[in-house]
Every structure is written in structure tokens, then in C-alpha cells.
Amino acid sequence: MTQVKELLIEELQDLLDAETQLTAALPKMVEAAHHPKLKEAFEKHLVQTQVQVERLRAGMELLGAKAEAKPCKGMVGLIAEGEETIRKGAEKEPLAADLALIAAAQRVEHYEISAYGTARSLARQSGEIECAKLLSYTLGEEESTDFLLTTIADPLVQQLSLDAMGAGADLDAEETRSGGRRKKATKTAA
Ligand code: FE
Ligand code: FE
């Protein structure tokens, strides 16, 4: 076996563990999300992630390697941060909590994009074209998810800064208005 192919297998073993961790973490993200579009995005990505696990197993089989997982410490850290974000989000306004969740999720997507990009290059270099194709499918899903999260975040960021401007305009009426906004935000999220 070439050293490039050995490296490829190690990358896939690492990814198998990372994706498996994510199948357990994403349901918590679904539950924590307030905005229906964000909930839907996490739900969709959970289903994609389950398929990605199977794709990695298939890729390893194509290489004649056992579908063994190697602990991915990077993902352990990212998920720990995500769980902290969920905990802190319980005390935040829904908009701010959702934006923090998106930030944590996009860190995960970028980590995956990096790993799949490397793995695909190694597969192409080894002449493992079928394996490279499988990795391309997943890479495309990770990139689309990252893009989708940005399109969900942009209007939320605008809304959050509009809310902040409104709150600064008249300090006496601040409490009344933010109470009103909270109700509105909760209603939108329900
Ligand atoms: Fe993934
Ligand atoms: Fe992903």
C-alpha cells in the first residue's frame, strides 16, 4: 500500500469518528434552535450526516480497509463548545441564542470541509476515483450547509442590531418594548 493511501485511510477513520459524534450531537442542536428555518436546517443535516457515515464506510470498503474509527479530538472539542453554547443560550433572547448556535455549527462545517477536501485530494492522488466521488458528495453537502447557515444568520443579525438600536433610542420605554419584542420573537419561533 502506498503512503498516500495509508494517509487517506487514516483521514477516513478520523472522519468516521467525527461524523458519528455529530449524529449524536445534531439532535440537541435541533432541540435548542428557536427559528423554524434553523431547526429545519439542523434536521436536514442530521439526515445527511447519517448518510455521510454510510458513505465513509463504503469508501473504506472500496479501499479494502476495515471501517474502523479513530478518535477525532478536534470534533470532541467542537461539540463540547456547542454544548456550552446550548447551555448559555437557555439564558439568552431567542435571536442571540440562535446566532450563537449557528456560529458553533459553522465551525463544525468548516472543520469538515477542510477534512473532506484533504481526503478527496488524497483519494484522487491514489487513483481511487470512486472513493473521491463519494467524498465529493459529502463535501458538497457540508459546503451547502455552511452556505444555508449564513443565509439564515444574515437576517437574524440585522434583526438583532435593529432591536439594539430600538432599545437605545428611548431608555425609559426600554423594558416595555423589549418585553413586546420578546413576545414577538417567541411567536415567530413557535
Ligand atoms: Fe458531515
Ligand atoms: Fe456537516
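Counting starts at 1 for both ligands and their atoms, following the listed order. Since the model is a prediction, treat every value here as computed from it, not as a measurement. The residues of the chain are indexed from 1 along the displayed sequence.
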From the N, O or S atoms in Glu142, identify the one nearest to the Fe ion (ligand 1). OE2
Answer yes if the side chains of Glu142 and His110 hold a donor-acceptor pair under 3.5 Å, and no otherwise. no
Lys39, Lys92, His35, His34 screened by side chain to side chain donor-acceptor pair (under 3.5 Å) with Asp98, the one that passes: His34
Closest approach to the Fe ion (ligand 2) by Glu109, given as the N, O or S atom name: OE1
Atom name of the N, O or S atom of Glu112 nearest to the Fe ion (ligand 2) is OE1
Which of Arg55, Gln52, Glu143 passes side chain to side chain donor-acceptor pair (under 3.5 Å) with Thr138? It is Arg55
Would you say Pro71 and Val76 make side-chain contact, with heavy atoms under 4.5 Å? no
Can you check the angle at the Fe ion (ligand 1) formed by OE2 of Glu19 and OE1 of Gln52? Round it to the nearest 10°. 80°
